[in-house]
Enquirer: 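Mind having a look at this structure? Questions to follow.
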Amino acid sequence: MKLQRWSKIAVLAVFFLFCAGIGFAQEPEGGNAGAKDSTGIKESKVVSPVGDKGIINYEDGYIESVGTGAPPEKYLGKPQARPMALRAAQVDAYRNLLETVQGVQIDSETTVKDFTVESDIINTKISGMVKGAKIFKKEYLSDGTVEVTVRMPLSGVVQIILPKAIADDKKEDAKEHKPVPFAKKRAPKGEIFTGLVIDGRGLQARPAMSPKVFDENGSEIYGTLIVQRDYAVKMGICGYARDLTSAQSNDRVTSHPLTVKAIRAQGLGMSEFVISNTDAGKIRSSKDNLAFLQQCRVIVVLD
């Protein structure tokens, strides 16, 4: 009997030692949507990393950051350890999220940080939005540290920044990149397009909240001088994808989009695209095409 009892105790001891060496991962708040790790997301989506703690997912429309926290040494092994580590991780995650948001590329020249430095109102709104971000995932590690992932929608930043970006561009860029007028005639039935897909692959282009598209002469084909403000704030100026076929069938560009190949990317942030004058002429050939551009029915395909 004693031998059996000691055998059971030994089995239990091994079991608990095994469990102690495994980190406990809590399911993301809102289900298992976070099952794919950030590495997989970076490989399959149009994503820009900011440092090693944050990502901007332009394709799925969210900003995410990770924070890490550990309890003070004197509390290790005590009941207070886990809550203290969790709190430290949350503080770190929100601090990293603010840095990530500030790194969002608005156009090829500016980031969110440029706007927050210029405007106290925008700075206050952005800070408030970051504080309201949701905790997406918590992970408790075997060494007592905790990792917290926080996430917020990119659309919130769009609503704060784009109105000013559009107003600024209409003042500053209207002369230099003045759009060429669209033809007033209607397109033939088979040439009425419902959206625009810009193939920007192979150009080392990068995503931005407010990309611009020019013809070879520097006139704006698409961007802040073309879009209607209400549509831009509601939908974002464009969508992003990494697969051309899926972009062409996306609801944003509906049933019959025009696909054009960008001939180069330019600008400091490499988020301005130049298309051929031939393709530009095809877009401007009918007033019908101006309507879907104003409604932001545009998707950019990137590597």
Side-chain angles (χ1 to χ4, degrees), residues 25-26 28-30 33-34 36-39 41-42 45-72 83-141 145-168 206-211 232-234 236-237 240 268-271:
Q26 179 172 311
E29 299 186 6
K36 183 184 287 187
D37 62 22
S38 61
T39 301
I41 292 173
K42 291 175 185 177
K45 299 290 185 178
V46 178
V47 168
S48 290
V50 178
D52 59 353
K53 296 293 186 179
I55 61 170
I56 304 158
N57 190 323
Y58 289 92
E59 185 169 344
D60 290 339
Y62 64 81
I63 307 168
E64 183 178 278
S65 289
V66 176
T68 305
M84 294 180 76
L86 177 59
R87 176 58 182 164
Q90 290 174 345
V91 171
D92 188 44
Y94 283 107
R95 180 172 57 246
N96 293 334
L97 183 61
L98 181 58
E99 292 180 3
T100 303
V101 171
Q102 289 178 335
V104 172
Q105 200 74 35
I106 304 304
D107 53 35
S108 202
E109 305 295 331
T110 60
T111 63
V112 167
K113 186 175 183 179
D114 296 316
F115 281 79
T116 59
V117 169
E118 182 181 334
S119 169
D120 290 337
I121 294 175
I122 289 178
N123 184 47
T124 300
K125 288 181 178 179
I126 291 293
S127 297
M129 186 170 294
V130 169
K131 291 176 182 177
K134 302 297 184 182
I135 295 176
F136 182 69
K137 185 169 61 175
K138 304 171 188 173
E139 188 172 4
Y140 298 92
L141 305 179
T145 61
V146 179
E147 285 189 356
V148 169
T149 302
V150 291
R151 178 181 289 189
M152 60 179 279
L154 183 59
S155 60
V157 180
V158 170
Q159 292 167 7
I160 292 173
I161 300 294
L162 266 190
K164 179 169 175 52
I166 292 172
D168 289 350
R206 296 196 293 269
M209 184 186 295
S210 179
V233 171
K234 181 180 178 181
I237 283 185
Y240 285 98
L268 185 64
M270 294 294 283
S271 56

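This structure is a prediction, so every number in the text was calculated from the model and none was measured.
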Enquirer: For Thr116 and Lys113, indicate whether the former's side chain and the latter's backbone hold a donor-acceptor pair under 3.5 Å.
Expert: yes
Enquirer: Between Ala70 and Ala88, what is the shortest heavy-atom contact and its length?
Expert: N-CB, 4.3 Å
Enquirer: Going by heavy atoms in the side chains, are Ile106 and Ile161 under 4.5 Å from each other?
Expert: yes
Enquirer: Are the side chains of Val101 and Met129 in touch, meaning some heavy atoms are under 4.5 Å apart?
Expert: no
Enquirer: Is there side-chain contact between Arg206 and Gln105, with at least one heavy-atom pair below 4.5 Å?
Expert: no
Enquirer: Shortest non-hydrogen contact from Ala232 to Leu162?
Expert: O-CD1, 3.5 Å
Enquirer: Calculate, to the nearest 0.5 Å, the distance between atoms CD1 and CZ belonging to Ile121 and Phe115 respectively.
Expert: 14.0 Å
Enquirer: Mind checking side chain to side chain donor-acceptor pair (under 3.5 Å) for Glu109 and listing every partner two or more places apart, or none if nothing turns up?
Expert: none
Enquirer: Ignoring hydrogens and angles, tell me if any N or O in the side chain of Ser271 forms a donor-acceptor pair with the backbone of Pro207 under 3.5 Å.
Expert: no
Enquirer: Would you give the length of the straight line joining atom OG1 of Thr149 to atom CD of Gln90, rounded to the nearest 0.5 angstrom?
Expert: 11.5 Å
Enquirer: Only one of Val50, Thr111, Thr110, Leu154 forms a side-chain contact (heavy atoms from CB on, under 4.5 Å) with Val104, so which one is it?
Expert: Leu154
Enquirer: Report the C-alpha distance between Val66 and Asn96 in whole Å, list the side-chain angles of each, state the deciding distance to 0.1 Å, and finish with yes or no for side chain to side chain contact (heavy atoms under 4.5 Å, CB included).
Expert: CA-CA 7 Å; Val66 176; Asn96 293 334; 5.9 Å; no
Enquirer: Under the criterion salt bridge (Lys or Arg N to Asp or Glu O under 4.0 Å), I'd like the reasoning laid out for Glu118 against Lys164: C-alpha separation, chi angles, the key distance, then a yes or no.
Expert: CA-CA 11 Å; Glu118 182 181 334; Lys164 179 169 175 52; 3.3 Å; yes
Enquirer: Restricting to non-hydrogen atoms, name the atom on Ala208 and the atom on Asp107 that form the minimum distance, rounded to 0.1 Å.
Expert: CB-CA, 4.2 Å
Enquirer: Less than 4.5 Å apart, side chain to side chain, heavy atoms only: is that true for Tyr140 and Lys138?
Expert: yes
Enquirer: Could you give the distance from CD1 (Ile56) to CE (Met209), rounded to the nearest 0.5 Å?
Expert: 8.5 Å
Enquirer: Tell me whether Tyr240 contacts the main-chain N or O of Asn57 through its side chain, where contact means a donor paired with an acceptor under 3.5 Å.
Expert: no
Enquirer: Any salt bridge (Lys or Arg N to Asp or Glu O under 4.0 Å) involving residues 120-131? Give me the pairs, sequence neighbours left out, ordered by first then second residue.
Expert: none
Enquirer: Which atoms form the tightest heavy-atom contact between Tyr58 and Ser48, and what is the distance?
Expert: CE1-OG, 3.6 Å
Enquirer: Taking Asp92 for its side chain and Thr68 for its backbone only, find out whether a donor-acceptor pair lies under 3.5 Å.
Expert: yes
Enquirer: Just jot down the side chain to side chain donor-acceptor pair (under 3.5 Å) partners of Thr100, sequence neighbours excluded, or say none.
Expert: Ser65
Enquirer: Please report the interatomic distance CD(Glu139) to CD(Glu147), rounded to the nearest 0.5 Å.
Expert: 5.5 Å
